[in-house]
Amino acid sequence: LLKTHMQPEQVLYVSSQNTSTVSPAFANRLEYSKEGEKIVITLHNLWRNDSDIYVCAGVVKNSSFLSVSRSGTMMLIKEGEQADCRKSSWLIYGLIIVVTLLFSVLMCCTLYRVDMKKYFQNKPPNTVYEDMSYSFRQNT
C-alpha cells in the first residue's frame, strides 16, 4: 500500500512469506488480514495529514518494477467537532421539565376557570313526589 501524492511513502509491505513492514507513521493504526491473494487493510485514528491517494502495488519477482493497480482510493480527512453529550443531555432534560411545568400550570388554570363542583356534585333526581296520604285521611 502506497501513499502517492502529498507525501509519497510506503505504508504497508507484505511479502510472499507473509512478513510485513508497516510505516512508522501508521504504527498501531493499521491492521490487515490476508486470505490467499486478497489483503484487507483497515486504517484507524486518521489524521488530517493522512489525506492522500492510496494505491496497491505489486513487485514483480526478480525486478524492481512495480505493478500498480489501475485506480487508487482517495482519502480526505477533515477535522470535526466532538459534541459534548453531557451538555446536550442536560439541555434536553431542562426542556422536558419546563414543558411539564407549563402544562401543569395550564391544566390548573383551566380547572380553576371551569366550575368543577357542578360536574361532581350529587344532584337530586329530577322526580316529583306526591303525597296522597293526606287526601285519603280527609275521606275517612
Point-to-point distance, once rounded to the nearest 0.5 Å, from CD1 of I41 to SG of C56: 5.0 Å
Which heavy atom in Q10 sits nearest to a heavy atom in L2, and how many Å separate them? CA-CD2, 3.7 Å
With S20 via side-chain hydrogen bond (donor to acceptor under 3.5 Å, both in side chains) - residues at least two apart: Y32
What are the two closest non-hydrogen atoms of L46 and R29, and how far apart are they? CA-NH1, 3.8 Å
Does V11 have any side-chain contact (heavy atoms from CB on, under 4.5 Å) partners at least two apart in sequence or in another chain, and if so, which? L1, K3, F26, L30, Y54
List for me each residue that meets side-chain hydrogen bond (donor to acceptor under 3.5 Å, both in side chains) alongside D52, sequence neighbours excluded, and say none if there are none. none
Who pairs with I96 by side-chain contact (heavy atoms from CB on, under 4.5 Å), at least two apart in sequence or on another chain? I92, T100
Can you list the residues that meet the side-chain hydrogen bond (donor to acceptor under 3.5 Å, both in side chains) rule with Y13, with sequence neighbours excluded? none
Kindly give the cluster partners of I97, where membership spreads through any ILVMFWY side chain lying under 4.5 Å from a current member. L101
For N49, look at atom CG and say whether over 12 heavy atoms of other residues, nucleotides or ligands are found less than 6.0 Å away. yes
